[in-house]
Engineer: 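Take a look at this one; I'll ask things after.
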Amino acid sequence: MSREYVLQPFRPAVNLQIDYSKELNPQQLAAVTAPPGPALVLAGAGAGKTRTLIYRVAFLLEQGIPPDRILLLTFTNKAAREMMRRVSDLLGNEVPELWGGTFHAIGHRLLRRHAAEAGYRPNFTILDREDARDLVKACIGETEADTTATRFPKADVLQELFSLVVNTRKPLPEIIARQYSHFATLTGEIVKLERKFQERKRAANVMDFDDLLVLWLELLEKNAELRERYQRKFQFILVDEYQDTNKIQGEVIDLLAARHQNVMVVGDDSQSIYSWRGANFQNILEFPKRYLKAHVFKIETNYRSTPEILAVANAAITANVHQFAKELTPERKSGMKPVLVACQDSAQQAAFVAQRLLELREEGVDLSEMAVLYRSHFHALELQLELTRRNIPFSITSGIRFFEQAHLKDVAAYLKLVTNAADEMAFKRLAQLLPGIGAKSADKLWKIFTTKVAGPAAAGSASTPLAAALQACADQVPKKAARAWTNFAITISQLEPEEVRTDPDRMIRVVLEAGYEDYLKENYTNYRSRLEDLEQLANFAAQFENTADFLTQLSLLSNVEAEEDKPATRDDEQVRLTTVHQAKGLEFDVVFVIMLCEGLFPSERSTQTLEGEEEERRLFYVAVTRARNELYLSFPILRISPGGDSLRQESRFLKEIPKGLLDEWNLRTFSAYG
């Protein structure tokens with residue numbers, strides 16, 4: 001008969017260099033000095049999440065854990081560098097042996113060591129996004145599918161689709177059925193393409209960005225010897241921003257932690273807002289179920305915001321069913337109540353924000369310490385106009401400038417060409433949207449078009465001058481574009497009648513219905529949001545008396561945006577305009593959250609499921625918790641549209657906040673006559 005005898009480790013007393021109880025609050029200290037074992041650290045907004053993680057690494061090192069036995073996983077290279085630097089500063093020396101970096105960087109490091117086991121040669125190269133797209137294009141060129149018979153997804157769309165399959169670990173047909181149903185009839189061809197894409201990568205000894213994760217996971221799943229080696233090696237695993245991990249990252253962590261169970265994940269379930277790019281909310285929500293002995297630490301002391309703002313934040317997230325209950329508690333002194341402003345329409349909302357920005361600046365708040373947050377790009381249309389009129393400088397942190405986005409410029413080109421047949425750039429832009437027409441073909445067609453547009457209509461041609469000129473060019477159009485060119489001419493003929501061409505809102509809707517919506521589906525994975533942009537652009541256009549005025553305003557705004565792209569001098573003050581998604585991790589003295597209406601924030605699509613609504617509520621919570629001193633929540637009551645004005649409902653998120661927590665401001669237009 002045998003029995004187990006456990007050897008207890010012996011270590012002399014540890015002389016700590018760092019006074020943890022002095023440097024940390026009690027909640028942070030409990031997490032940092034937690035005994036070995038699984039731990040979930042729920043760090044609320046502004047509660048010192050990064051500080052907690054850094055001190056945990058330092059604590060482990062001071063306990064004698066060898067640095068090469070610790071794995072620290074982050075989401076960005078910047079975060080990884082910052083954490084490694086701060087750990088070194090705390091300890092007073094570099095710790096190069098510590099395994100710290102992004103998921104992709106650590107995956108690459110392991111795959112480089114074990115390329116053969118992954119089915120690659122050690123000198124494999126990594127495709128950047130453009131190279132990967134070119135390889136997808138090559139695969140399309142080899143496919144037997146007739147890509148001209150129907151609208152076939154472009155390489156960019158396929159690349160995103162294949163990436164989503166990897167990061168969600170869902171079958172390709174399921175992803176197509178759920179998110180790309182407009183390509184459902186092409187499922188078989190797309191599956192073959194994806195298989196060919198994988199085969200071509202292996203044959204060329206190349207990996208794309210997603211392979212760094214999926215092949216890392218496959219190594220651990222299929223190679224028992226390697227799995228055990230790294231399970232033994234990484235005695236302690238720490239993960240930052242755990243709420244943003246996707247399914248494949250979650251599985252990698254669970255496999256590596258299976259032996260020692262010393263895994264500490266740090267995050268905030270209330271800030272999980274990236275499901276659209278593959279983040280799996282269940283990773284953090286189900287952690288205590290996967291690790292039954294897990295300790296859950298809550299860090300709720302907030303150092304960022306005033307008590308009044310935190311009261312609103314706590315109320316904002318309460319309605320979510322799927323969450324870990326938390327209560328942010330303030331460390332700062334009392335301030336002013338957050339303000340709720342109901343505006344007559346979006347123009348009045350813009351006027352309010354602009355005026356208040358200037359007042360706050362006069363009170364001593366730098367413009368760069370103020371931000372306007374919104375759910376989607378198009379929510380800031382009127383605001384950009386108003387800030388431009390008042391000469392208030394602003395920067396936009398939303399990727400490409402709104403009016404410079406390709407889909408907006410495409411649709412504007414239709415309006416420009418119909419308004420001004422001599423607009424060469426508009427003609428060439430539209431021509432090059434068609435299959436088989438490049439810059440040289442577009443130039444050739446433009447020269448023919450200019451000779452035809454003023455001439456007599458060809459026999460049997462459309463009755464409108466521009467459409468007739470386009471049809472007269474048809475015999476010079478590449479065969480591949482013949483059908484599309486005919487449709488182009490038909491669309492122009494629908495835009496040319498006087499009652500249409502003077503109505504920019506109607507023109508935009510005609511362009512969408514005539515086939516541009518199909519073009520979006522073919523070319524963009526986020527076609528729904530782009531379509532929404534264009535629908536809102538049409539609503540925006542309804543405010544103008546004619547198409548010329550609308551196009552002039554677009555041009556002025558685009559030029560302002562181009563100026564904004566220039567490097568700012570040190571003395572420049574600029575209000576930050578940004579989507580909430582891109583504001584995560586930032587903070588400002590003053591925050592305005594605009595367009596808080598049903599259908600806008602929350603977005604209409606998100607409210608179709610409980611999961612969608614709850615993520616949208618978390619997004620609102622993120623917006624509120626960006627504010628340090630002052631918070632303004634606003635919404636327009638009226639929606640102006642060509643069919644007649646209609647009332648908007650205020651966001652359900654505003655209704656969920658007890659009125660006593662908000663100071664309601666009633667707007668009144670000043671009149672010199674009282």
Side-chain angles (χ1 to χ4, degrees), residues 11-76 78-101 235-243 262-268 270-271 294-307 309-310 313 324 326-333 585-587 625-626 628:
R11 278 203 317 267
V14 177
N15 294 318
L16 299 176
Q17 299 178 39
I18 301 167
D19 186 345
Y20 293 92
S21 59
K22 180 182 178 181
E23 297 292 329
L24 304 167
N25 69 36
Q27 291 178 332
Q28 293 170 337
L29 182 65
V32 165
T33 60
L40 170 60
V41 181
L42 297 167
K49 167 186 66 65
T50 303
R51 185 179 183 82
T52 302
L53 200 57
I54 289 163
Y55 274 83
R56 175 63 173 178
V57 174
F59 180 78
L60 291 174
L61 292 170
E62 288 210 283
Q63 295 299 310
I65 305 300
D68 65 340
R69 305 296 297 278
I70 299 173
L71 174 62
L72 172 61
L73 291 164
T74 66
F75 268 86
T76 66
K78 181 181 177 182
R81 288 192 300 269
E82 176 68 8
M83 287 189 185
M84 299 287 273
R85 182 190 64 77
R86 288 176 64 178
V87 169
S88 298
D89 289 347
L90 272 180
L91 297 174
N93 58 275
E94 298 286 333
V95 279
E97 302 90 349
L98 176 66
W99 280 60
Q235 189 175 343
F236 286 87
I237 300 170
L238 299 98
V239 187
D240 187 25
E241 299 287 8
Y242 187 66
Q243 78 280 349
N262 294 331
V263 55
M264 176 176 281
V265 298
V266 182
D268 183 2
S270 296
Q271 297 187 68
H295 287 89
V296 178
F297 299 92
K298 294 182 181 180
I299 303 177
E300 299 166 301
T301 303
N302 177 284
Y303 296 90
R304 176 186 301 159
S305 307
T306 62
I309 291 172
L310 293 185
F324 295 103
K326 292 183 294 298
E327 186 83 10
L328 293 176
T329 57
E331 181 68 15
R332 294 185 54 198
K333 293 180 180 179
L586 304 177
E587 56 185 76
T625 53
R626 298 311 93 197
R628 287 192 286 254

Engineer: Taking only residues two or more places apart in sequence or in another chain, which ones pass salt bridge (charged side-chain N to carboxylate O under 4.0 Å, His left out) with Lys49?
Structural biologist: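 Residues passing salt bridge (charged side-chain N to carboxylate O under 4.0 Å, His left out) with Lys49: Asp240, Glu241.
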Engineer: How far does CG of Asp268 sit from OG1 of Thr625, to the nearest 0.5 angstrom?
Structural biologist: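 One finds 8.0 Å between CG of Asp268 and OG1 of Thr625.
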Engineer: Quick check: closest heavy atoms across Arg626 and Ala45, and the distance to 0.1 Å?
Structural biologist: NH2-CB, 4.0 Å
Engineer: Look up atom CZ in Phe324 and atom CG in Leu40, then write down how far apart they are to the nearest 0.5 Å.
Structural biologist: 5.0 Å
Engineer: Could you measure the distance from the CG atom of Leu24 to the CZ atom of Arg51? Nearest 0.5 Å is fine.
Structural biologist: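 Answer for the CG-CZ pair, Leu24 versus Arg51, is 6.0 Å.
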Engineer: Quick one: CG on Leu98 to CG on Leu71, what's the gap to the nearest 0.5 Å?
Structural biologist: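 Interatomic distance, Leu98 CG to Leu71 CG, rounded to 0.5 Å: 8.5 Å.
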Engineer: Please give me the minimum heavy-atom distance between Phe297 and Ala34, naming the atom from each residue.
Structural biologist: CZ-CB, 3.5 Å
Engineer: Is any side-chain heavy atom of Leu238 closer than 4.5 Å to a side-chain heavy atom of Leu60?
Structural biologist: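 Touching, per the 4.5 Å side-chain cut-off.
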Engineer: Please report the shortest heavy-atom distance between Ala58 and Ile18, naming the atom on each side.
Structural biologist: CB-CD1, 3.9 Å
Engineer: Examine distances only and state if a side-chain atom of Glu97 and a backbone atom of Pro66 form a donor-acceptor pair shorter than 3.5 Å.
Structural biologist: no
Engineer: Nearest heavy-atom pair of Leu61 and Ile65: which atoms, and what distance?
Structural biologist: CD2-O, 3.6 Å
Engineer: In chain order, what residues pass the side-chain hydrogen bond (donor to acceptor under 3.5 Å, both in side chains) check against Arg56, with sequence neighbours excluded?
Structural biologist: none
Engineer: Work out which heavy atom in Gly267 is nearest to a heavy atom in Gln243; give both atom names and the distance.
Structural biologist: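 Shortest heavy-atom contact: CA-OE1, 3.1 Å.
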Engineer: Can you name the residues that form a side chain to side chain contact (heavy atoms under 4.5 Å, CB included) with Thr50, not counting sequence neighbours?
Structural biologist: Ile54, Met83, Arg86
Engineer: Return the set of residues passing side-chain hydrogen bond (donor to acceptor under 3.5 Å, both in side chains) with Ser21 (not counting sequence neighbours), or none when no residue passes.
Structural biologist: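 In terms of side-chain hydrogen bond (donor to acceptor under 3.5 Å, both in side chains), with neighbours along the sequence ignored, Ser21 is linked to Asp19.
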Engineer: If the condition is ring-ring contact (aromatic ring centres under 6.0 Å, His included), which residues does Phe236 pass it with, not counting sequence neighbours?
Structural biologist: none
Engineer: If we only count heavy atoms from C-beta on, is the Pro330 to Asn302 side-chain gap below 4.5 Å?
Structural biologist: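 Sidechains of Asn302 and Pro330: no contact.
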Engineer: Pairs in or reaching into residues 81-100: which pass ring pair (Phe, Tyr, Trp, His ring centres under 6.0 Å), with residues at least two apart or in two chains?
Structural biologist: Trp99-Phe234
Engineer: If we only count heavy atoms from C-beta on, is the Leu310 to Thr329 side-chain gap below 4.5 Å?
Structural biologist: no
Engineer: Atom CD of Gln27 and atom CG of Leu42: how far apart are they, to the nearest 0.5 Å?
Structural biologist: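 Here the rounded value is 11.0 Å.
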Engineer: Measuring only between side-chain heavy atoms, which start at C-beta, is Val57 closer than 4.5 Å to Leu90?
Structural biologist: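 Answer no - side chains too far apart.
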Engineer: Who passes side chain to side chain contact (heavy atoms under 4.5 Å, CB included) against Thr33, sequence neighbours left out?
Structural biologist: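 Scan of Thr33 (side chain to side chain contact (heavy atoms under 4.5 Å, CB included), adjacent residues dropped) gives Leu29, Phe59.
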Engineer: Under the salt bridge (charged side-chain N to carboxylate O under 4.0 Å, His left out) test, which residues partner Glu82, sequence neighbours left out?
Structural biologist: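 For Glu82 the salt bridge (charged side-chain N to carboxylate O under 4.0 Å, His left out) partners, ignoring immediate neighbours, are Arg85.
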Engineer: Can you sort out the partners of Ala80 under side chain to side chain contact (heavy atoms under 4.5 Å, CB included), two or more places apart, ordered by chain and number?
Structural biologist: Thr74
Engineer: Without hydrogens or angle criteria, can the side chains of Glu23 and Tyr55 be said to hold a donor-acceptor pair below 3.5 Å?
Structural biologist: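 Note: Glu23 and Tyr55 side chains meet the donor-acceptor criterion.
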Engineer: Can you list the residues that meet the side-chain hydrogen bond (donor to acceptor under 3.5 Å, both in side chains) rule with Asn25, with sequence neighbours excluded?
Structural biologist: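 In terms of side-chain hydrogen bond (donor to acceptor under 3.5 Å, both in side chains), with neighbours along the sequence ignored, Asn25 is linked to Tyr303.
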Engineer: Under 3.5 Å, side chain of Asn262 to main-chain N/O of Gln235, donor-acceptor pair present?
Structural biologist: yes
Engineer: Can you name the side chain to side chain contact (heavy atoms under 4.5 Å, CB included) partners of Ala47, sequence neighbours left out?
Structural biologist: Ile299
Engineer: What pairs meet the salt bridge (Lys or Arg N to Asp or Glu O under 4.0 Å) rule with one or both residues in residues 295-306, with sequence neighbours excluded?
Structural biologist: Arg304-Glu587
Engineer: Rounded to the nearest 0.5 Å, what separation is found between the OG1 atom of Thr301 and the CG atom of Leu328?
Structural biologist: 9.0 Å
Engineer: For the residue pair Val32 and Thr52, what are the closest heavy atoms and their distance?
Structural biologist: CG2-O, 3.4 Å
